[in-house]
Amino acid sequence: MIEQSVSSPPRGGARLPVRADAGRYLILAVVFVCAACGLVYELELVALASYLIGDSVTQASVVLSVMVFAMGVGSLLAKRLRCRAAFGFGLLEAALALLGGSSALVLYASFIWLGESHYALVGFSMAIGILIGAEIPLLMALIQRFSRQDAEGTVADLFAADYVGALVGGLAFPFLLLPWLGQLTGALVTGWVNAVAGGGLVLWLFRRDLTRRSRWVLVTVNVLVLALLATAAVLVDDFERAARRAVYGDQVRVAIHTDVQEVVITGGRRGPLELYLDGRLRVSARDEFRYHEALVHPAMRGPHGRVLILGGGDGLAAREVLRYGDVREVTVVELDPGVVRLARTDPALRELNGGVYGDGRVRAVYEDAFTWLREAVDAVDAGGVGGGGGGGYDVVISDLPNPGVTASTKLYSEEFYGLATRVLADGGRLAVHAGSPTTQRRTYWTVDATLRAAGFGTTPYHATGWPSGFAAGPDRVKDGTPAASDWGFELAEVGASPTLGLARDAPRLRSLEGATLVEGARGVERTRMRGLPPSTLVHPRYGA
């Protein structure tokens, strides 16, 4: 007897091993699982793209639009497989499990070792979308073997299971997979579940529709996929260590995932300390004083007994504030307790910030800055004590993530600055890190316009330095050092444009080598920055 080809099932279909109702429910259960896995793959791509590339709105738009388009393509392509739906669905789920499960690893590797992940992102979005789109037509053909309903009722059941599965997958990703397994292992485990569900359905429920050769092909393919995913899961820690060395070098001392972000500290013993948050350089001991001195000291000209720092959990802005002996109280509002914990306990970071969290005048609050300001204003409106005590803050320092990062947009909104006006004392000053006026000109001046719309008078200025960027990727030069640029700041006061200068009792500033910040007709006087060629701390509206 001649063996049938792999692609040709027995004519007319074989007798099925379970009753119609049981088979129908089994297929709907697999639809549920596959839909959950498919949404996890989508969210994984969005999350990793936002982490590696930045601008979460753009990355989510790219992934979702490409994937939805690809799902339509997959639905059309699936029409050719409906005559051999069982075998086609088995191969499709194995391919989807392998691609979806390995997508995070490949994206991460392409970014770290090739410095680019846009093409990999679009490629995976397209391929995964095609495979997800082909699922429903094939499942429709399979469930009709068991369904006693009309076509409309069967389609309703399939889509109901699909949507509920997507809901579960969407909730499982942020609340279970990410916290418990992480991005890489979570994707691999999802692929494993996908392969087991899809392969198990076909090889058991529809085994009599398959030829012997077809069964062996599906068994072999699924075993290989499961073995690859399991091997990758076992080796994922080694992969992460190798990737971390490629990104941060050999001096990684701390690498932890807090509830908010990934925190990495390098150096501190044999080299300068560097602090990375979600892969981006936030603090470098080589030049962090340029940033923190320029952010803090112009705002301290005038009363500064009570100071509020929004962000700045590393304690470095608080270090500059405490250089003034008449400061009575410093409140640091930091979203991530893990950063403050490291600032308290890591020897090198504690040495860099001067042990500020051991000073009784410093109080740390673990909350989102926007939420904290709103609660403080509500307390004032209710007749309580606002801002943690007293009648208002003399100085508010906004040491928050770059305004170009989508997730921090609300922290640069008119409402946010309106809340800041409510916690400032009369004549109080607000200092804002506003991005680079050189490389982020539109963003920088948007912050300036937003402050003025909230009722502040503003004085823009900037300082030369090495702005934050990815530890690897296209924004770094070959030796891992970011291109020199500048930090932009805004000094603001309600109803008036504050004069840019230093307090009479200002300490000697390393970044200015003792020079005084005095606003002139065309800006601020030229100074020589330590460690860099002659540069300027200028009013960017007028230039040097």
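By convention here, the first residue in the shown sequence is residue 1. As a basis for the values below, the full set of heavy atoms in this structure was taken, side chains included, without hydrogen atoms, waters or symmetry mates. From a predicted model like this one, the values you see are computed outputs, not experimental measurements.
No more than 12 heavy-atom neighbours from other residues, nucleotides or ligands sit within 6.0 angstrom of OH on Y25. Few gaps surround CZ on F239; more than 12 heavy atoms of other groups in view lie less than 6.0 Å from it. At most 12 non-hydrogen atoms from other residues, nucleotides or ligands lie less than 6.0 angstrom from CH2 of W180. Enclosure of atom CG in D238 by more than 12 non-hydrogen atoms of other residues, nucleotides or ligands within 6.0 angstrom is indicated.
Under the 4.5 Å side-chain criterion, counting only non-hydrogen atoms from C-beta, Y276 is in contact with T266. Side-chain contact between Y41 and F124: absent, with no pair of heavy atoms (C-beta onward) separated by less than 4.5 Å. Taking 4.5 Å as the limit, some side-chain heavy atom of V223 sits within range of a side-chain heavy atom of V219. For the pair L96 and L98, the minimum side-chain heavy-atom distance is 4.5 Å or more. For the pair R245 and Y248, the minimum side-chain heavy-atom distance is 4.5 Å or more. You'll find the side chain of E367 stays beyond 4.5 Å of the side chain of L335, heavy atoms only. Residues V447 and Y417 are in side-chain contact: their nearest non-hydrogen atoms beyond the backbone lie under 4.5 Å apart. Counting heavy atoms from C-beta outward, M67 and L64 have side chains that stay 4.5 Å or more apart.
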Quiz item: Is there a side chain to side chain contact (heavy atoms under 4.5 Å, CB included) between L201 and F89 once you walk through the steps?
Solution: CA-CA 9 Å; L201 176 75; F89 182 74; 3.9 Å; yes
Quiz item: Should I397 and L310 be marked as a side chain to side chain contact (heavy atoms under 4.5 Å, CB included) after you check the CA-CA gap, both sets of side-chain angles, and the distance that decides it?
Solution: CA-CA 6 Å; I397 295 169; L310 303 174; over 6 Å; no
Exercise. Evaluate side chain to side chain contact (heavy atoms under 4.5 Å, CB included) for E490 paired with Y444, printing each intermediate quantity in order.
Key: CA-CA 9 Å; E490 295 278 350; Y444 180 83; 3.7 Å; yes
Practice problem: Determine, stepwise, if the pair F370 / L419 fulfils side chain to side chain contact (heavy atoms under 4.5 Å, CB included). | Solution: CA-CA 8 Å; F370 192 98; L419 294 172; 4.3 Å; yes
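Here CD of E274 is found 11.5 Å from CD of E288. Values are rounded to the nearest 0.5 Å. Rounded to the nearest 0.5 Å, atoms CG (L92) and SG (C34) are 9.0 Å apart. In this structure, F69 CZ and M126 CE are separated by 4.5 Å, a value rounded to the nearest 0.5 Å. For the atom pair L171 CG and L177 CG, the distance stands at 11.0 Å (nearest 0.5 Å). Considering CD1 of I132 and SG of C37, their distance stands at 9.5 Å, rounded to 0.5 Å. A distance of 12.0 Å separates CH2 in W487 from CG in N402, rounded to the nearest 0.5 Å.
When atom types are taken as modelled, the side chain of W372 and the backbone of V365 share no donor-acceptor pair closer than 3.5 angstrom. In this structure a side-chain-to-backbone donor-acceptor pair under 3.5 Å is present from S75 to G133. Formation of a donor-acceptor pair under 3.5 Å by the R282 side chain with backbone atoms of L275 is not found in this model. Panel note: side chain D278, backbone E262; a donor-acceptor pair is recorded below 3.5 Å. Listed for the S65 side chain is a donor-acceptor partner under 3.5 Å among the backbone atoms of V62. Distance alone, capped at 3.5 Å, places no donor-acceptor pair between the E44 side chain and the V40 backbone.
Looking only at atom types and distance, the side chain of T211 has a donor-acceptor partner in the side chain of S214 under 3.5 Å away. Side-chain atoms of E93 and N222 include no donor-acceptor pair closer than 3.5 Å.
Taking R374 as the reference, E415 meet the side chain to side chain donor-acceptor pair (under 3.5 Å) condition, with sequence neighbours excluded. With sequence neighbours left out, D237 forms a salt bridge (charged side-chain N to carboxylate O under 4.0 Å, His left out) with no residue at all.
In terms of heavy-atom proximity, L121 sits nearest to L107 at N-CD2, 3.4 Å. The shortest heavy-atom contact between L131 and A95 is CD1-C, 3.8 Å. The shortest heavy-atom contact between A86 and L142 is N-CD2, 3.6 Å. For the pair L411 and A369, the tightest heavy-atom approach, listed with the atom from each and the gap, is CD2-CB, 4.3 Å. The minimum heavy-atom distance linking L229 with S102 is given by the pair CD2-N, 4.5 Å. Here the closest heavy-atom approach between residue A420 and residue L373 is recorded as N-CD1, 4.3 Å.
A salt bridge (charged side-chain N to carboxylate O under 4.0 Å, His left out) check over residues 333-346, counting only residues at least two apart or in different chains, returns the pairs R253-D346.
Of the options L235, T185, L188, a side-chain contact (heavy atoms from CB on, under 4.5 Å) to L105 is made by L188 and by none of the others.
Using bins of under 30°, 30° to 60° and over 60° for the plane-to-plane angle, the ring pair F489/H433 lands in the tilted bin.
D157 has a carboxylate O that lies under 4.0 Å from a charged side-chain N of R24, or vice versa, which qualifies the two as a salt bridge.
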